[in-house]
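Structure first, commentary second.
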Amino acid sequence: MAKITLIEAVTMAMAHELEHDDSVVVFGEDVGPNGGVFRATAGLQERFGKERVFDSPLAESMIAGLAVGMSAQGMKPVGEIQFSGFAYPAFDQLISHAARMRHRTRGRLHCPMVIRAPSGGGIHAPEHHSESMEAIYAHTPGLRVVMPSSPARAYGLLLASIRDPDPVVFLEPKRIYRLVKQEVPDNGEALPLDTCFVLREGDDVTMVTWGAMVHETLKAAEAMAKEGVSCEVIDLATISPIDYETILESVEKTGRLVVVHEAPRSCGVGAEIAAEVAEKAVYSLLAPIQRVTGYDTVMPLFRREMDYLPSTARVVAAVKKTLED
Amino acid sequence: MAKITLIEAVTMAMAHELEHDDSVVVFGEDVGPNGGVFRATAGLQERFGKERVFDSPLAESMIAGLAVGMSAQGMKPVGEIQFSGFAYPAFDQLISHAARMRHRTRGRLHCPMVIRAPSGGGIHAPEHHSESMEAIYAHTPGLRVVMPSSPARAYGLLLASIRDPDPVVFLEPKRIYRLVKQEVPDNGEALPLDTCFVLREGDDVTMVTWGAMVHETLKAAEAMAKEGVSCEVIDLATISPIDYETILESVEKTGRLVVVHEAPRSCGVGAEIAAEVAEKAVYSLLAPIQRVTGYDTVMPLFRREMDYLPSTARVVAAVKKTLED
Amino acid sequence: MKTVAKFEIGFEQFIDESGKAVQKLPKFAEKPAELIKMYRMMTLTRLFDTRAIALQRTGKLGTYASSLGHEAIHVGIGAAMKEEDALAPMYREYGAQFWRGVKLSEVLLYWGGDERGSDFSGPAHDFAWCVPIATQCLHGAGAAMAFKLRKEKRCAVAVVGDGGTSEGDFYEAINAAGAFQLPIVFVVSNNQWAISVPLKEQTACETLAQKAFAGGFQGVQVDGNDIVAVRDAMEKGLAKARKGDGPTLIEAMTYRLSDHTTADDATRYRGKEEVDAAEKKEPLLRLRQYLMSLGEWDDAREKALIDECKQQVADAVKEYENTPKPSLESMFDYMYAELPEALEEQRAAALAAGETESAHG
Amino acid sequence: MKTVAKFEIGFEQFIDESGKAVQKLPKFAEKPAELIKMYRMMTLTRLFDTRAIALQRTGKLGTYASSLGHEAIHVGIGAAMKEEDALAPMYREYGAQFWRGVKLSEVLLYWGGDERGSDFSGPAHDFAWCVPIATQCLHGAGAAMAFKLRKEKRCAVAVVGDGGTSEGDFYEAINAAGAFQLPIVFVVSNNQWAISVPLKEQTACETLAQKAFAGGFQGVQVDGNDIVAVRDAMEKGLAKARKGDGPTLIEAMTYRLSDHTTADDATRYRGKEEVDAAEKKEPLLRLRQYLMSLGEWDDAREKALIDECKQQVADAVKEYENTPKPSLESMFDYMYAELPEALEEQRAAALAAGETESAHG
Ligand SMILES: Cc1ncc(C[n+]2csc(CCOP(=O)(O)OP(=O)(O)O)c2C)c(N)n1
Ligand SMILES: Cc1ncc(C[n+]2csc(CCOP(=O)(O)OP(=O)(O)O)c2C)c(N)n1
Ligand SMILES: [Mg+2]
Ligand SMILES: [Mg+2]
C-alpha cells in the first residue's frame, strides 16, 4: 500500500464517497479541471464527471447556500471554501440555516452537508490565507467542527463527516498537508466524530491540541521526555461538540493541562476547554491550566507569522510553568 | 432633568455626536423617517437632515462595507444592523477589513466606525431576532465590543464608542431597552471603554455579567443577600478587550466566581473569563467557577425562550454551588 | 461605439383593476371553476389574515406578517406549481402554502412561537418560512440544483421582496441560477416597501425584473394584483425550467396594504392617499368583478363563501389555541440526529430547572 | 405584453490590435507626449512584473500576482484619475498605483510579507491591496459616499475582476452606488479567467457591463488592451461622477497572459492556443506600433526606455532586499490607536519569546 499525505487522504476520502454514494457531489471554486488550489480534488472531475465534481462561480455565501438547499433535498454536498479566511461571507448560511434547519423544522428537513476549508498559517501565504477560526464555528450550536492532524485521521474523519446527517465544517491544516506520509488503506472505514485521540500517553502533563499544532506539541512532549517529564498528547480532532470524557480522564491522571492552538487567545476553543476542565477537574488540578495560542492580533504577513504561531519553545515553556510548583 | 430609558439614552448619545461632530453620520435600514424599528433613531433625521441620518438599501454587508470605506476616509459612521442576528452577512467586512485596516496599513488608514445592533432575547420576537453573538466579535482582534446595561452607561459608552478611533460593535440589550428610567444628563461626558463597572459590592461571591443578564444577576444577588450571602456584581460593559484587573481584584477578595450570559455556553465570553481567572487567580479560588449561560442549542422560538435564557433561579443555584464546599 | 447587447423588460396584465379582461385570457382562466377555486383561496387567506392580526392584538399570537394585498401573487404561485416542485418562501406567502397543503393552524403555531408550525402538512420538501432576507433564494437554487443533478423534472420557486433584491444572496442566487441553468423561478414580490424604505431608496433600477440581466436570463414584470397574470407568468417560467431551459425572474407589482408586521406602524412613514389609491387595485375585488361580469358570481355566493371560510379559520384558531406548548426537551432533541454526549448534561440541567417562566425575577 | 424598459451595451475601441486608429482619438491622445508617458509606465510595469516573478522563483519574494497583459487597464485608470480621487484596487493594479506614486519597492514589500508595503507613498487616502474578492467595491462606494456627503469634488474608483462580479459585495456596491447616486467608477477587469474558472462558468451574462443594469445605471464595454479606450471611458465616467450624475461601470476586456499568481500553473486548465491568440492582442505592442506609425517611436528609443526602466526596477529590488524585517512589536502596535491593557501582557510575552523562527521544532 502506498503512503499518502494528509491532502491525498482528503482526496481519497472524497473519491471513496463519490464512488459509493450517488448523492455526494463535490463543488467549489477551482475544484474542477484545476483540482483545487491545493490539489485536494485533483483528478476527481476526470474520474466522476462534471455532474459530480464541478466548479462554481466565485461566491462563498452561494457555495454554502447551495449546499443548504441541495442537502435539504437529500443530496450530500461537499463544498470547498478555498481558504478558511474566505468563509466569512458563508457564515450567514452556515449559522442561520445549515446549523438550524433540523431544529427549525423539527427534523422535517436537515442538512447533511460538509464545508471543507484549508485552515491555519505557516505556509508564507498572503493576507487572509492563514486564518484559524474554528472557535466561531464551535460557538454555533448545530454544527460539527472537525480538524484532522494525520493522513489516517483525515481519511476517516472526512468519511464520517460526509456520512454525518448534520452539517460539518471540516478544517484542513494546510501547513501539514504534505508534512508526513502514512499508509492509509482505502477501506471506507470512518472514524468517530465524538471522540478525541490520545496520540501519546503520559502521566505528568496533559496536552490538548488540534490541527498543525499537534506536531509542535508532539515535539514539545518529545523535548520534555528528554527532561524526564512524561506528557500525554491529545488530538481534539472533533472541535465541536467536544469529547470532554477523554480530556477529563487524562487531567485526573496528570493533574496538569496545557492547551495549544494557533487561533487568537480570547474566546478561542482553548478558553472553553480550560474553563470546563477548571470547573470539572478542579480538585485534581495541581497547577493553573496554561493556554499557548496565537496572540489577540491580526495574523501578521509572513515575515512575522512564525512569531505569531505557537512554537515548540513556547509550548515547552508552558509545560514547565505547570510544573513550577 | 427628565428620566430616560436605555434606548432613549442611545438616541441622546447619537444626537449629541451628530450635533458636535460633522463627520458623524447615522445610517441603516429604517433609521430615517421610521426612526428605527425600536425607535433608536426617532427624530434624528428630522433634526439633522437626510445627509446626516439616512435609510440604506437592505444589505448588511453593504452597511458594514460602506462604513469601512467612509471611516477610512475620515467620517465617523454609525451603522445600525436591525437585529444582531442579521449581522452575519456583515462579518466579512467587520472581521476582514474594519478590524484589520489599521494593522494592514500600519496606521495609514483606520476605521473610526460603530456598528450598533439590538441584541439578545426575551422579547417574544420571531426566529433570528434574539441572538447573542458577542463572543464572535470578542474573538476578533482589532474590534472593541461594548454592551451597556443602564441608560447612563448606554449614553456614556456610546459616546465613547463613536469617538473611539477604532471600530466598535455596540450591542444593545433590547430586552431592557425600556425596563428602567434614569436621570441622564446630556453633558457629552463619555465613559471609559477599558473598564468594567462594579454595580454591587460584596465579599462572598463575584458575579460577572453584561447586558440584560445584569438585571437577572442583580436580582439573584438580592435573593442571596436575604440568605446572608454577599455578592459582588460586575457589569463587564466592554466585552472586548476585557478589563481583567477589576475582575481579578474582586475574585481575590471573594474567592468565588459566577459568570452569567445568555449566549451559548461553548466558546462564549464566559469561557474566556473563567479560563483567565482560573489561571491567574487559581490560588484565591475557593470553589470551581460556575458559568450560567444559554444552552448550546438554537435559541428556541418564544414559547420556550425563557427556558433558554438564564433565570434568576439558575443564577441563584450557581451561586449556591460555589458555596457548597 | 458599437452595440454588443440589447435587453427589454415587458409588462403583462390580463384583468385590469376595473375587473375587465384587457386581452384574451390564458387557457386555465377560461374555466370559471378554476378562477373560482383561486378566488376561494384568496378569500380564505384574507379572512385568515384578519383573524391572525386580531389574535396578535389580543395577545394570543406573536408578531405576525400580514399578506393583505398579496393574495394574487401568493395564490397564483401556489396554483401554478406542482406538488413535487419545491417552494422557498419568505414569510408572507400563506396563500401559496395553503394551496400546497399547509394548515392554517400551522401558520398560527409558527407565529405563536412554536417550531412545530414549520413541520407542516404541506409538501415535506418545501422550505420553512425564512426570516433572514433573501437567503432563501440560495436554498431554492440549491434545491433546483439537486433536481437537475438527479434529472428529476422538478422545479424550485423562490420568493423574495423588493427590499430583498438588495441583498447579496439574492444576486448570488440569480447569478448561480444562470450559470448552472437551474430549473427555478424567482418571484420578486414588489409591494413597494421594505418596512419603511420605499422602492426608490432601495435601488435606482426602473424595474426589478431587469436584475435578471445580471444573472444572464430574462425577467418579466406582471401586474401582481392580477392573479391571471401571475399564474400565467409562473406557468410559463415553470414550463421553461422543466424543459431544461433555465431560470426566469418574475417581478410581481403589488402594494403592501397592511403594516409591515403587527410590530410596525406604517402611518409613521407613508400617507393615507397612496394606501387608498392602492386599495382600489387590490386583487380580490377585480377578480370578483370579473366573475360577476361572467355571471359566475353573486352576493349570495360571496356570503356563503365568507361564512365557510370564517368557519375554517375559526376551527384553525381553536386547534391552535388547544395546542400545548412544545416540550422542554424539544429545545435539545432536534439539534442533531443524535444528541451529542456534550449536550446531555445541559439537557438534564434544563429538565432539572423545569418550567422557568416564573424563575425569571 | 408592453415593453416598459430597454437597455443597450456598447463596445468602444480606438486603437486595434494591429496598432491602427479605428476612429478619431480623444483629445488627450492627440498629444504623442501623453501617449509616450503612458507607454513608458506600461513598460515599467511589465519589466517590474518580470523581475518580481523571478524574485519569487528564487525564493526572494512570496506569492506574487502578475499584471502581465493588464497594463493598459491599470495605467489607463491611473492616468485618468486625479490625485485626490480614491483608488480601491484588487491586487494586480500596479500600473495604476505606480502612476499614483506608489513605489515599486512598496509592492515588493507587500508580496514579501511586510505590512509596510501598504503604508505606501501613493495618495495617503488610497486603499491598500484587497485580497477578499470584491469587498473593495464597498470600500470604494463608502469613500464615494464620504466625498458626496462632504460635498468634495472627488471620485472613487473600484477595480474588480470578472470572477469578482459573482460576489454579493460587488452587487451590493453597485446597487448602493445607484441608489445613493455615488461618484464612483467601477472597473471590471475582465481577463476571462478567475484562477481556473473561465468566464462562461462564472455567469450566463453575455457581457459583464450589463450587471450595471442591476444597479440602475449604465455600463459600457471597452477594449481593455487599448489604453486609449480605457482612459477615455474612465475620463467620461469620472467626469460624470464629478458632475454629480452618479456611477458608471466599465467592463475592460483583456486576457490574463500569466498564471493567476506564482502559486498557480495555468497549463493545468487552459490551452496554449488561446494564450498565443491573446498575446497578439496585448496592449504594449499595439501602442508601440501606433507610436511608430506616427514616427514618434523607434528601436533606439525603445531600447533606451527598457534600459532606464530596468535600472529603476533594479534600484527598487535593492531597496526591497535591504529592508530589514518588521519589528516584533509591530505585530501589536497597529492593532488599536492605543494598545489595550489586555494586550500588553501578550506583547511582553512575545518580546520575551523573541525571534522564534528557530523555536519551531
Ligand atoms: C438579513 C435581514 N436583514 C434585516 C431584516 C429585518 N427585516 C425583516 S423584513 C424587512 C423588510 C423586507 O422588505 P421586502 O424584502 O420588500 O419584503 P416585504 O416585507 O416588503 O414583503 C427587514 C429589513 C431581516 N429579516 N433579515
Ligand atoms: C472571498 C474570496 N474568495 C476566494 C478567494 C481566492 N481567490 C483569489 S483570486 C481568485 C480569482 C479572482 O478572479 P477575478 O475576480 O477574475 O480576478 P483576477 O485574479 O482574474 O484578476 C480567487 C478565487 C479570495 N481571495 N477571496
Ligand atoms: Mg417589500
Ligand atoms: Mg479574472
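First the proteins, then the strands, lettered A, B, ... as listed; each starts at 1. Remember, it's a predicted structure, so these values are computed and weren't measured experimentally.
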What's the spacing between [X] [atom1] and [Y] [atom2] if we round to 0.5 Å?
| X | Y | atom1 | atom2 | answer |
| --- | --- | --- | --- | --- |
| B:Gln82 | C:Ile133 | CD | CD1 | 9.0 Å |
| C:Asp264 | B:Asn34 | CG | CG | 6.0 Å |
| C:Ser118 | B:Leu301 | OG | CG | 7.0 Å |
| B:Glu60 | C:Ser166 | CD | OG | 10.0 Å |

Greater than 12 external heavy atoms within 6.0 Å of C:Glu274's CD: yes
Could you tell me which portion of [X] (side chain, backbone, both or neither) has an atom closer than 4.5 angstrom to a non-hydrogen atom of chain B?
| X | value |
| --- | --- |
| C:Ser330 | neither |
| C:Phe170 | neither |
| C:Met335 | side chain |

Under 3.5 Å donor-acceptor, B:Arg304 side chain and C:Pro326 backbone: yes
Least distance between heavy atoms, C:Val131 atom then B:Glu127 atom: CG1-O, 3.6 Å
Best-contacting candidate, B:Leu58, B:Val315, B:Asp296, B:Asp55, against chain C by heavy atom pairs under 4.5 angstrom: B:Leu58
Options C:Tyr110, C:Phe332, C:Trp111, C:Tyr91, ranked by heavy-atom pairs under 4.5 Å with chain B, top entry: C:Phe332
Interface residues of residues 338-349 of chain C facing chain B - non-hydrogen atoms under 4.5 Å apart: C:Leu343, C:Gln346, C:Ala349
Members of residues 190-203 of chain C whose heavy atoms come closer than 4.5 Å to chain B: C:Ala194, C:Ile195, C:Ser196, C:Val197, C:Glu201, C:Gln202
Please state whether the side chain, the backbone, both or neither of [X] comes within less than 4.5 Å of a heavy atom of chain C.
| X | value |
| --- | --- |
| B:Phe86 | side chain |
| B:Thr297 | both |
| B:Val37 | side chain |
| B:His215 | neither |
| B:Pro300 | both |

From CA spacing to verdict: side chain to side chain contact (heavy atoms under 4.5 Å, CB included), C:Met331, B:Met299: CA-CA 8 Å; C:Met331 231 159 72; B:Met299 157 71 84; over 6 Å; no
